[in-house]
Amino acid sequence: MLLALKFIATLTAAIFAGAALYVNLVEHPARMTLDTRAALLEWAPAYTRGTWMQAPLAVISLAAGLGAWWSGGGCAWALAALLIGAVVPFTFLAIMPTNRALHAPGRELASTETRALLERWAKLHAVRTVLSLAATVLYVFVALTPGV
């Protein structure tokens, strides 16, 4: 059971991190080459679809990592789990206000404010990327290092 929990925690964190890194390095920069109106219209459905993929990955990795710790895997498993789990409250507390502003009825789609919000969103999303990469690296490190 412990091995399965470690595998699930590591795999789901790695998938989350890979997707988040792709968004920061490829998808959002490409989106921002479009005019602001088109960028926002592309961002909205992409964000919604991404949420349905990434939120469960973060929660599953958190639960499996804490399960590995609880099952005797060591404190590093709990730390890595908390790193990936931190993306959830960070999203609600730091990113959701920007999301709500971008989704606001009556928003001028082509405004400089809208473009600034999309740029802010990318910076905030980068925090999730860093947290998930740190969790993945720590999971892999402790999985490959006996006694940690």
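Computed over heavy atoms, backbone and side chain alike; hydrogens, waters and symmetry mates excluded.
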> Considering residues at least two apart in sequence or located in another chain, which fulfil the side chain to side chain donor-acceptor pair (under 3.5 Å) criterion with R37?
Replying inline: none
>> Checking S71 now: which residues fulfil side chain to side chain donor-acceptor pair (under 3.5 Å) with it, not counting sequence neighbours?
In response: none
So, using side-chain contact (heavy atoms from CB on, under 4.5 Å) as the criterion, who are the partners of [X] when residues are at least two apart?
X: V130; result: none
X: A38; result: L34, D35
X: L3; result: none
X: A94; result: F90, L124

>> Would the distance check show the side chain of T33 and the main-chain N or O of A30 forming a donor-acceptor pair, the cut-off being under 3.5 Å?
In response: yes
> salt bridge (charged side-chain N to carboxylate O under 4.0 Å, His left out): which pairs involve residues 24-34, sequence neighbours left out?
Replying inline: E27-R31, R31-E42
>> According to salt bridge (charged side-chain N to carboxylate O under 4.0 Å, His left out), does anything in residues 96-115 pair up with another residue at least two apart or in another chain? List the pairs.
In response: R107-E113
>> Would you compute the distance between atom CD of E119 and atom OG1 of T98 and round it to the nearest 0.5 angstrom?
In response: 12.0 Å
>> Listing request: all ring-ring contact (aromatic ring centres under 6.0 Å, His included) pairs with a residue in residues 10-34, at least two apart in sequence or in separate chains.
In response: H28-W121
Can I get a per-line list of side-chain donor-acceptor pairs under 3.5 Å for residues 133-142, giving both atom names and the distance, sequence neighbours left out?
unit_1: T136; atom_1: OG1; unit_2: A13; atom_2: O; d: 3.1
unit_1: T136; atom_1: OG1; unit_2: A14; atom_2: N; d: 3.4
unit_1: T136; atom_1: OG1; unit_2: S132; atom_2: O; d: 2.9
unit_1: Y139; atom_1: OH; unit_2: S61; atom_2: O; d: 3.0
unit_1: Y139; atom_1: OH; unit_2: S61; atom_2: OG; d: 3.4
unit_1: Y139; atom_1: OH; unit_2: A81; atom_2: N; d: 3.4

> Under the side chain to side chain donor-acceptor pair (under 3.5 Å) rule, what pairs show up with a residue in residues 72-93, not counting sequence neighbours?
Replying inline: T91-R128
Under 3.5 Å, sequence neighbours excluded: what are the donor-acceptor pairs made by side chains of residues 43-53?
unit_1: Y47; atom_1: OH; unit_2: N99; atom_2: ND2; d: 3.0
unit_1: T48; atom_1: OG1; unit_2: A44; atom_2: O; d: 3.1
unit_1: T51; atom_1: OG1; unit_2: Y47; atom_2: O; d: 2.8

> Of the non-hydrogen atoms in A68 and K6, which two are nearest, and what is the gap between them?
Replying inline: CB-CG, 4.0 Å
